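Single-structure report; data block below.
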Amino acid sequence: MANNLDKIIKQRLENRLEWKNYLSWLLTHRDLYVTAKREFYRDKPILNFITKLYFLPYNTMKHLIYLFDRHKLQMIEYEIKMLQNLKKDQNEKEL
């Protein structure tokens, strides 16, 4: 049973590390896009206001998705720490 638990912990940890890498990559690209968009509209304040007003519902939804993805990343980082501690505890029990 302990061997099966070790395997499950290892697989779960690998999965969470892959998801952390993916979400970090995704959020980095979103941050770069927002920075480029802000720089583009720096000298076009009227156009910026009109597009923000027109796309307000869509931009609100995108921002909520962004916040949710940030939250998921924090949860995954916490789970990785928990799994690493659990794996370390399992290894100490075997010794």
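All values derive from a computational prediction rather than experimental measurement.
Using modelled atom types and a 3.5 Å distance limit, the side chains of D31 and Y66 yield a donor-acceptor pair.
Y22 and M75 fall into different hydrophobic clusters, defined by Ile, Leu, Val, Met, Phe, Trp and Tyr side-chain heavy atoms under 4.5 Å apart, directly or through other members. The hydrophobic clustering, which links ILVMFWY residues whose side-chain heavy atoms are closer than 4.5 Å, places L17 and L26 together. Note: the hydrophobic cluster containing Y78 does not contain I80 (ILVMFWY, side chain heavy atoms under 4.5 Å, direct or indirect links).
Of the inter-residue distances, the one linking K87 atom NZ with L13 atom CG reads 6.0 Å to the nearest 0.5 angstrom. Atom NZ in K72 sits 6.0 Å away from atom CH2 in W19 (nearest 0.5 Å). Here the CD atom belonging to E79 is positioned 4.0 Å from the CZ atom belonging to R12, to the nearest 0.5 angstrom. K52 contributes atom NZ, which lies 11.5 Å from atom OG1 of T60 (distance to the nearest 0.5 angstrom). Here CG of L64 is found 11.0 Å from CG of N59. Values are rounded to the nearest 0.5 Å. Here the CG-CG distance, from L5 to L86, works out to 6.0 Å after rounding to the nearest 0.5 Å.
No donor-acceptor pair closer than 3.5 Å links the side chain of S24 to the backbone N or O of N21.
For residues 25-51, the ring-ring contact (aromatic ring centres under 6.0 Å, His included) pairs, not counting sequence neighbours, are W25-H29.
Contact detail for L23 and I76: the closest heavy-atom pair is CD1-CD1, 3.7 Å.
I50 shares a hydrophobic cluster with I46; the chain of contacts runs through ILVMFWY side chains whose heavy atoms sit under 4.5 Å apart.
The shortest side-chain heavy-atom distance between L27 and R70 falls under the 4.5 Å cut-off. Considering only heavy atoms from C-beta on, D69 comes within 4.5 Å of R30 through its side chain.
Between H71 and F68, the ring planes lie tilted relative to each other; the angle falls in the 30° to 60° range.
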